Amino acid sequence: MNIDGKLVATALGLVLIIEGIPYFLFAEKMPQALRTLASTRPRMLRLMGVAAMAAGLVLVWLARAWA
């Protein structure tokens, strides 16, 4: 598999777009959501992070398997 700069830049751009959507659509509610996240225990944040990474890995694997 050949990973080039164009692929990495595209992936990073998509991540930034997806991460920015909640701030754009729900700007009024984001401060409360961030306060809630800030008060969440580190263990729960880690579990949420590993779940997100696992879901992303499965999504990438499925996309590559179908292509």
Side-chain angles (χ1 to χ4, degrees):
M1 179 170 70
N2 185 15
I3 298 176
D4 61 357
K6 184 177 178 182
L7 177 63
V8 172
T10 301
L12 182 59
L14 287 171
V15 167
L16 292 172
I17 290 169
I18 291 168
E19 288 287 330
I21 289 172
Y23 294 96
F24 178 75
L25 295 177
F26 309 109
E28 296 82 13
K29 297 182 185 211
M30 286 307 292
Q32 179 58 38
L34 294 173
R35 281 191 290 275
T36 301
L37 278 175
S39 66
T40 303
R41 294 181 312 190
R43 179 177 169 85
M44 182 57 68
L45 291 174
R46 284 189 185 98
L47 288 172
M48 290 167 39
V50 77
M53 289 187 295
L57 181 63
V58 168
L59 183 61
V60 168
W61 178 76
L62 286 172
R64 304 269 311 161
W66 288 336

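Source: prediction; values computed, not measured.
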task: Using a cut-off of 6.0 Å, state whether more than 12 heavy atoms not belonging to Glu19 lie near its atom CD.
output: no

Under 4.5 Å between side-chain heavy atoms, counting indirect links through other Ile/Leu/Val/Met/Phe/Trp/Tyr residues: same cluster for Ile17 and Val15 or not?
no

Any link between Tyr23 and Leu25 through a network of hydrophobic side chains (Ile, Leu, Val, Met, Phe, Trp, Tyr) touching at under 4.5 Å? no

Taken to the nearest 0.5 Å, the spacing of Thr10 OG1 from Leu14 CG works out to 7.0 Å

Those residues at least two apart in sequence (or on a different chain) that pass side-chain hydrogen bond (donor to acceptor under 3.5 Å, both in side chains) with Ser39 are none

Between Thr40 and Leu45 the two heavy atoms that sit nearest each other are O-CD1, 3.9 Å

Starting from Phe24, can I reach Leu16 by hopping between I/L/V/M/F/W/Y residues whose side chains sit under 4.5 Å apart?
no

OG1 (Thr36) and CE (Met30) are apart, to the nearest 0.5 Å, by 10.5 Å

Trp61, Trp66: one ILVMFWY side-chain cluster at the under-4.5 Å cut-off?
yes

Rounding to 0.5 Å, atoms NZ (Lys29) and CG (Leu34) come to a distance of 14.0 Å

